[in-house]
Amino acid sequence: MSALETQALPTERTFPLAGVFVVFRRQRRGRRLGRELAGAFGLLALLLVLAAGIQSLFFGQVTPYTNDAVRFLLRWLTTECLAAALLLPIAGAVLGAGAVPAGAERDSIQATLLTHLTGFEIATGRLLAALWSPGVALLLSWTFWTAIRFGFPFTTGSGNGFLEIAAAHLIVLSVLFASGAVGFLFALRRSGRSRECGTAVALLLLAFCVSGLVLFNPLVRKMDTPTPLIESLLVINPVTSAASALNKDILRVPWIYSRTDAPEYPFTYPAPLATAGLFALIALTAQGITAVWLRRLYAQEK
């Protein structure tokens with residue numbers, strides 16, 4: 001967004017946080033919708049292919065010929081959500097760090113801050129624009145599996161399985177934006193951005209959340225009552241949370257069971273909304289800090 005373009009920014013708000021939409025629209029100006037939709041479909045196809053491969057890792061050899069359709073579809077959905085919980089946040093970390101204004105945009109951001117747009121609206125609009133493709137891929141995934149569920153009852157539970165599908169995708173969505181927001185925050189610099197730093201911090205946070213059960217396994221062994229620790233590590237783990245949203249006891253899967261002692265102790269999987277809410281809170285907190293930091297870094301010098 002050039003300094004000239006900022007002159008056209010609205011000076012009055014038509015609805016709360018309208019500036020987010022304004023920044024989002026301008027960040028996406030010039031992009032080809034057809035090409036980006038093709039990319040989103042390609043990402044979804046990649047997730048589905050990875051899901052087929054991950055099935056052999058978590059469930060053994062699974063094919064439509066060795067299992068009935070219900071088991072096959074449910075396992076395919078579960079492993080696709082596991083792949084999304086790992087792959088999309090990684091993409092979010094890279095894209096979120098890259099959404100930070102470059103050094104050449106300093107004058108433009110300063111001019112934008114002189115309008116009625118806030119630092120939060122600028123940061124959020126840029127982040128949403130950067131995460132558009134993986135977000136659309138996740139929406140397509142939810143639509144794909146919901147459509148299959150309408151035609152074939154392979155899931156059961158509250159809402160006839162529709163709520164479970166939505167909950168698993170909501171967890172991945174919240175982790176995607178949390179990863180992007182953390183990447184954005186730690187990539188922000190006075191002279192522009194540091195993509196490497198932002199990406200690294202976001203990926204380290206993601207790795208800690210996913211591998212916490214393994215990292216803290218020695219401590220779990222030493223504790224007399226490790227249930228609170230186990231449940232805390234489960235609530236921050238998007239992979240186990242997405243699986244449990246689909247009623248899959250993933251800690252009993254042999255590949256995971258052999259790497260942690262957690263299944264030997266009593267515990268309860270957290271509610272899906274607890275994990276989604278936690279990562280949504282992380283995203284909002286990171287964006288709030290970014291808003292303050294952005295205004296301080298780009299404030300007009302007097």
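Keep in mind it's a predicted model, so treat the numbers as computed, not measured. Excluded from the calculations below are hydrogen atoms, water molecules and symmetry mates; all remaining heavy atoms, backbone and side chain alike, are included. Numbers here simply count residues along the sequence, with the first being 1.
The CG atom of L206 sits 9.0 Å away from the CG atom of N237 when rounded to the nearest 0.5 Å. With rounding to the nearest 0.5 angstrom, the OG atom of S141 is 7.5 Å from the CG atom of L77. Distance check: T290 OG1 to I122 CD1 gives 12.0 Å after rounding to the nearest 0.5 Å. The line from CZ of F120 to CG of L284 is 6.0 Å long, rounded to the nearest 0.5 Å. Atoms NE2 and CZ, from H169 and F144 in turn, are 10.0 Å apart once rounded to the nearest 0.5 Å. Rounding to the nearest 0.5 Å gives a distance of 12.0 Å between CD1 of I282 and CG of L185.
Under the 4.5 Å side-chain contact rule for hydrophobic residues, I165 and L74 share a cluster. By the rule that hydrophobic residues join a cluster once side-chain heavy atoms approach within less than 4.5 Å of another member, V214 and L82 end up as members of separate clusters. No single ILVMFWY cluster, assembled from side-chain heavy atoms under 4.5 Å apart, contains both L281 and L127. Cluster annotation: L215 is connected to L234 through the hydrophobic network of ILVMFWY side chains, with a link wherever side-chain heavy atoms come within less than 4.5 Å. Residues V49 and V172 fall into different hydrophobic clusters, defined by Ile, Leu, Val, Met, Phe, Trp and Tyr side chains chained together at heavy-atom separations under 4.5 Å.
A donor-acceptor distance shorter than 3.5 angstrom exists from the side chain of N217 to the backbone of D261, with no hydrogens or angles considered. The closest donor-acceptor contact from the side chain of R295 to the backbone of T118 lies at 3.5 Å or more, if one exists at all. In terms of modelled atom types and a separation under 3.5 Å, the side chain of T275 and the main chain of V235 share a donor-acceptor contact. S244 places a side-chain N or O within 3.5 Å of a backbone atom of S241 that can act as its donor or acceptor partner. The backbone N or O of P263 sits less than 3.5 Å from a side-chain atom of R252, completing a donor-acceptor pair. Of the possible donor and acceptor atoms, none in the side chain of E231 sits under 3.5 Å from a partner among the backbone N and O of P270. No side-chain donor-acceptor contact under 3.5 Å links S179 to the backbone of A202.
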Can L50 and L86 be said to form a side-chain contact (heavy atoms from CB on, under 4.5 Å), step by step?
-> CA-CA 11 Å; L50 285 176; L86 289 171; over 6 Å; no
Stepwise side-chain contact (heavy atoms from CB on, under 4.5 Å) test for R221 and E264 | CA-CA 10 Å; R221 290 178 177 177; E264 302 296 331; over 6 Å; no
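Residue F184 comes nearest to P101 through the heavy atom pair CZ-CD, 4.2 Å, listed as atom of the first residue, atom of the second, then distance. Across A283 and A181, no two heavy atoms sit closer than the pair O-CB, 3.7 Å. The shortest non-hydrogen separation linking L294 to G119 is CD2-O, 3.7 Å. Considering every non-hydrogen atom in both C209 and P238, the closest pair reads CB-CD, 4.3 Å. Annotation for I171 and A245: closest pair CD1-CB, 4.3 Å, computed over non-hydrogen atoms. Across all their heavy atoms, E121 and G19 have their closest contact at OE2-N, 3.5 Å.
Annotation: side chain of I289 is in contact with side chain of T285 (closest heavy-atom distance under 4.5 Å). A 4.5 Å side-chain heavy-atom check between L48 and W76 finds at least one atom pair inside the cut-off. With a 4.5 Å cut-off on side-chain heavy atoms, S133 and L43 do not count as touching. With contacts defined as side-chain heavy-atom distances shorter than 4.5 Å, the pair T260/F216 does not qualify. Between Y269 and D249, the closest side-chain pair of non-hydrogen atoms falls below 4.5 Å. Between P272 and L170 the shortest side-chain heavy-atom distance does not fall below 4.5 Å. By the 4.5 Å heavy-atom criterion applied to side chains, L44 and E80 are counted as neighbours. Inter-residue side-chain proximity for F177 and L173 is flagged as met; some heavy-atom pair is nearer than 4.5 Å.
Atom CH2 of W142 is surrounded by 12 or fewer heavy atoms from other residues, nucleotides or ligands within 6.0 Å.
Between F150 and F162, the ring center distance clears the sub-6.0 Å criterion.
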